[in-house]
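The shown structure was predicted, so the numbers you read here are calculated from the model rather than taken from an experiment. Below, each value reflects all heavy atoms present in this structure, side chains not excepted, and no hydrogens, waters or symmetry copies.
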Amino acid sequence: MNMKITVLVISLLFTLSANAQYLQDTTTGQQKGAAISHENFTSALSNDEDEPHIPGMHVYHVNPWVTGSISAGGAAYSLYMLTVLQKKPEITHQELQDLQPGLLQGFDSWVLHQSVGNLKQLENYSIFTQVTAALVPLTIFFDNKVSRDWTDVLLIFMEVNAINATIYMSPLGPVFQNKFRPLAYYTQLPEDQRNTGGSRNSFYSGHVAAAAADMFSMAKVYCDYHPELGDDKAFVYGIAAIPPVVMTYLRIRALDHFPSDLFVGWLVGTTCGVLIPEIHRIADKHLSLGPYIPPGGGSGLTFAWRTDD
């Protein structure tokens, strides 16, 4: 039990560390109509102590060395790139003068017509939502089915956060992109509030990506351990979507992102949260995942699909 508590604490610290990349990037100052079956959902939530557990049978195939290496490597890379991200230069006065709101697509341009009040408070709300989304998945370990394979699930959660953060720090994200935040366009705000280096980090939303990755990985794992839910799995995913939806609203209202930035954040986070557990679910059948270091240097992942002879 002490070992379990220790690893849970380590996982919590790892998850918060991964999410800290998005928290520190805030320096810029469905419900569906389908009814859920009461019997199925209540049964899934209950702690079924009488259910037999077959030794050696696991929902996921997890190699702790491979998964741990991917998580550690991704976390190390992301933390290093965070230091690079924080060194972005301030936006010059001329750059602010040259901004042309009229060139924005209609999908994004409406964000430039909002109130500029309570920006700091909205930032604080987004931080609270980020921490909540990072902590909530740990409650899944109160479920008896999941807790039997707690090391596998813990490693998967860590891997999801590491890969999601690595993508955010890749050429796709703000370390290499320099899209100005909506805040920079608001001429009614003081220039020293608009010209920070963080105002170059609009694309894409790491907050939304992290919230989606955390919540949808929890939903995916829960549904994989409870196939009896059937169509009611949609309810689980609907509940999981609430923190990312709240985060989306807050990031728009805080003038931190355009809708296109948030859409990419949703896409990346949801893909990581659902696809990575799914890879582990089918890995023992056909798919294998591992680290790859090419002869010329660098690092990456390898995917191998095995066909039956």
Chemist: Would a hydrophobic clustering, with Ile, Leu, Val, Met, Phe, Trp and Tyr connected at side-chain separations under 4.5 Å, put Tyr249 with Phe107?
Modeler: no
Chemist: Taking all non-hydrogen atoms of both residues, which atom of Ser71 and which atom of Met158 are closest, and how far apart?
Modeler: OG-C, 3.6 Å
Chemist: Can you establish whether the number of heavy atoms outside Tyr237 located under 6.0 Å from its atom OH is more than 12?
Modeler: yes
Chemist: Going hydrophobic residue to hydrophobic residue with side-chain gaps under 4.5 angstrom, can you get from Phe180 over to Trp110?
Modeler: yes
Chemist: If you apply the rule salt bridge (charged side-chain N to carboxylate O under 4.0 Å, His left out), what do you find for Arg253 with Glu123, and how did you get there?
Modeler: CA-CA 9 Å; Arg253 286 287 294 110; Glu123 289 283 0; over 6 Å; no
Chemist: For Phe176, I'd like to know if atom CZ has over 12 heavy atoms of other residues, nucleotides or ligands within 6.0 Å.
Modeler: yes
Chemist: I'd like to check Glu191 versus Ile91 (side-chain heavy atoms, cut-off strictly below 4.5 Å). Are they in contact?
Modeler: no
Chemist: Do Asp143 and His226 get their side chains close enough for a donor-acceptor pair, meaning under 3.5 Å?
Modeler: yes
Chemist: Given 3.5 Å as the limit, does a donor-acceptor pair link the side chain of Gln114 with the main chain of Val111, or not?
Modeler: yes
Chemist: Membership question, hydrophobic clusters at under 4.5 Å side-chain separation (ILVMFWY): are Leu172 and Val175 in the same one?
Modeler: yes
Chemist: Which pair of heavy atoms, one from Lys179 and one from Asp261, lies closest together, and at what distance?
Modeler: NZ-OD1, 2.8 Å
Chemist: Could you check whether any side-chain N or O of Tyr186 sits under 3.5 Å from a backbone N or O of Leu112, counting only pairs where one atom can act as donor and the other as acceptor?
Modeler: yes
Chemist: Taking all non-hydrogen atoms of both residues, which atom of Ser199 and which atom of Leu183 are closest, and how far apart?
Modeler: OG-CD2, 4.1 Å
Chemist: Between Glu159 (side chain only) and Gly68 (backbone N and O only), is there a donor and an acceptor less than 3.5 Å apart?
Modeler: no
Chemist: State, with a plain yes or no, whether a side-chain heavy atom of Ile167 is found less than 4.5 Å away from one of Tyr204.
Modeler: yes
Chemist: Walk me through whether Tyr222 and Val153 qualify under side chain to side chain contact (heavy atoms under 4.5 Å, CB included).
Modeler: CA-CA 10 Å; Tyr222 186 83; Val153 174; over 6 Å; no
Chemist: Backbone N or O of Val59 within a donor-acceptor pair of the Arg281 side chain at under 3.5 Å?
Modeler: no
Chemist: With a 4.5 Å limit on heavy-atom distance, are the side chains of Ile156 and Ser217 in contact?
Modeler: no
Chemist: Return yes if some donor-acceptor pair links the side-chain N/O of Arg181 with the main-chain N/O of Leu255 below 3.5 Å, else return no.
Modeler: no
Chemist: In the single-linkage hydrophobic clustering (I, L, V, M, F, W, Y; side-chain heavy atoms under 4.5 Å), do Tyr80 and Ile70 co-cluster?
Modeler: yes
Chemist: Where is the tightest heavy-atom contact between Pro137 and Asp214, given as atom of each residue plus distance?
Modeler: CG-O, 3.4 Å
Chemist: Has the side chain of His61 got a donor or acceptor atom that lies under 3.5 Å from a matching backbone atom of His280?
Modeler: no
Chemist: For Asn201, is there any backbone N or O sitting under 3.5 Å from a side-chain donor or acceptor partner on Lys88?
Modeler: no
Chemist: Does the side chain of Phe258 come within less than 4.5 Å of Leu104's, by heavy atoms?
Modeler: yes
Chemist: Test of understanding: clusters of I, L, V, M, F, W, Y form through side-chain heavy atoms closer than 4.5 Å, transitively. Do Tyr168 and Val84 belong to the same one?
Modeler: yes
Chemist: Starting at NE2 of His207, measure out to CD1 of Ile127 and round the result to the nearest 0.5 Å.
Modeler: 6.5 Å
Chemist: Does the Asp108 side chain pair with the main chain of Ser260, one donor and one acceptor, at a distance under 3.5 Å?
Modeler: yes
Chemist: So does Pro190 get a backbone contact from the side chain of Gln193, meaning a donor-acceptor N/O pair under 3.5 Å?
Modeler: no
Chemist: Looking only at heavy atoms, what is the nearest atom pair of Leu154 and Phe141, with distance?
Modeler: CD1-CZ, 3.5 Å
Chemist: Take Tyr60 and Leu155, measure what side chain to side chain contact (heavy atoms under 4.5 Å, CB included) needs, and give me the verdict at the end.
Modeler: CA-CA 11 Å; Tyr60 298 116; Leu155 285 167; over 6 Å; no
Chemist: Within the distance-only criterion (no hydrogens, no angle test), does the side chain of Asp149 pair as donor or acceptor with the backbone N or O of Asp152 below 3.5 angstrom?
Modeler: no
Chemist: Could you tell me which non-hydrogen atom of Arg200 sits nearest to which non-hydrogen atom of Thr92, and how far apart they are?
Modeler: NH2-N, 4.3 Å
Chemist: Determine whether Pro243 and Val246 make a side-chain contact, defined as any pair of heavy atoms from C-beta on separated by less than 4.5 Å.
Modeler: no
Chemist: For the residue pair Ile140 and Phe157, establish whether any side-chain heavy-atom pair is separated by less than 4.5 Å.
Modeler: yes
Chemist: Dump the intermediate steps for side chain to side chain contact (heavy atoms under 4.5 Å, CB included) on Leu275 and Lys220, then the final yes or no.
Modeler: CA-CA 9 Å; Leu275 183 59; Lys220 168 65 174 169; over 6 Å; no
